Amino acid sequence: VQLQASGGGSVQAGDSLRLSCAASGRFFHAYGMGWFRQGPGNERKFIAAASRSGGTTDYADFVKGRFTISRDNDKNMAFLQMNSLKPEDSGVYYCAATSHNIISAARLYKYWGQGTEVTVSS
């Protein structure tokens, strides 16, 4: 599966952004989906994951209550709604697909999109 993330941009603290991840291929519904963030010189940090059906989700503690992951299997799309953004949310966001139903470990995601940059100014 090929993934393409979009929707990043430069915003002010407190603003919202919605990231999208478009997937190609016939079996999008067979993959768990995740979002990760990478800062300069840092490893990719887990942000959120959704199960194959989207019925189960998982979040990093620092985004709980602010971010929402969702997916539309009919349209081969995944989304990350980010509200109440903070400067520390800045980074390059990647969507990824895993053969696991839902998991937070980046090393277990096989397919990665190219990343979309988010910059949050105070």
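Computed from a prediction, not measured in an experiment: that's the story for all the values here. FYI, the numbering just counts along the sequence from 1.
Hydrophobic clustering (ILVMFWY, side-chain heavy atoms < 4.5 Å, transitive): Val118 and Tyr59 are in one cluster. Val120 and Val92 fall into different hydrophobic clusters, defined by Ile, Leu, Val, Met, Phe, Trp and Tyr side-chain heavy atoms under 4.5 Å apart, directly or through other members. Note on Ile69: it clusters hydrophobically with Val63, by side-chain heavy-atom contacts below 4.5 Å among ILVMFWY residues. At a threshold of 4.5 Å between side-chain heavy atoms, the hydrophobic network of Ile, Leu, Val, Met, Phe, Trp and Tyr places Phe46 and Tyr93 in two separate groups.
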Result block: side-chain N/O donor-acceptor pairs under 3.5 angstrom for residues 17-31, not counting sequence neighbours:
| residue | atom | partner | partner atom | Å |
| --- | --- | --- | --- | --- |
| Ser24 | OG | Gln2 | N | 3.3 |
| Ser24 | OG | Gln2 | O | 3.4 |

Without placing hydrogens or testing angles, list every side-chain donor-acceptor pair under 3.5 Å for residues 94-108, not counting sequence neighbours.
| residue | atom | partner | partner atom | Å |
| --- | --- | --- | --- | --- |
| Thr98 | OG1 | His100 | N | 3.1 |
| Thr98 | OG1 | Leu108 | O | 2.8 |
| Asn101 | OD1 | Arg52 | N | 3.0 |

Item checked: Stepwise side-chain contact (heavy atoms from CB on, under 4.5 Å) check, Met33 with Leu3 -> CA-CA 10 Å; Met33 293 299 297; Leu3 305 173; 4.2 Å; yes

Item checked: Check against side-chain contact (heavy atoms from CB on, under 4.5 Å), Met82 and Ser16 -> CA-CA 5 Å; Met82 305 187 295; Ser16 298; over 6 Å; no

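Listed by chain and number, the residues in a side chain to side chain contact (heavy atoms under 4.5 Å, CB included) with Glu43 amount to none (sequence neighbours excluded). A search for salt bridge (charged side-chain N to carboxylate O under 4.0 Å, His left out) contacts involving Asp74 returns nothing, not counting sequence neighbours.
Grouping Ile, Leu, Val, Met, Phe, Trp and Tyr residues whose side-chain heavy atoms lie under 4.5 Å apart, directly or via other members, places Met77 in a hydrophobic cluster with Phe79.
Heavy-atom contacts from other residues, nucleotides or ligands closer than 6.0 Å to CD of Gln114 number more than 12.
To the nearest 0.5 angstrom, Ser90 atom OG is 8.5 Å from Glu117 atom CD.
Listed by first and then second residue, the salt bridge (charged side-chain N to carboxylate O under 4.0 Å, His left out) pairs that reach into residues 77-89 are Arg37-Asp89, Arg66-Asp89, sequence neighbours excluded.
Taking all atoms of both residues into account, the shortest heavy-atom contact from Ser121 to Pro87 is C-CG, 4.4 Å. Nearest heavy atoms, Tyr109 versus Gly32: CE2-O, 4.2 Å. When every heavy atom of Ala50 is checked against every heavy atom of Gly54, the shortest pair comes out as CB-CA, 4.5 Å. The two residues Gly7 and Thr116 come nearest to each other via the heavy atoms N-OG1, 3.8 Å.
Residues Trp112 and Phe36 place their aromatic rings such that the two centres sit under 6.0 Å apart.
Side-chain contact check for Val11 versus Thr119: every heavy-atom pair is 4.5 Å or farther apart.
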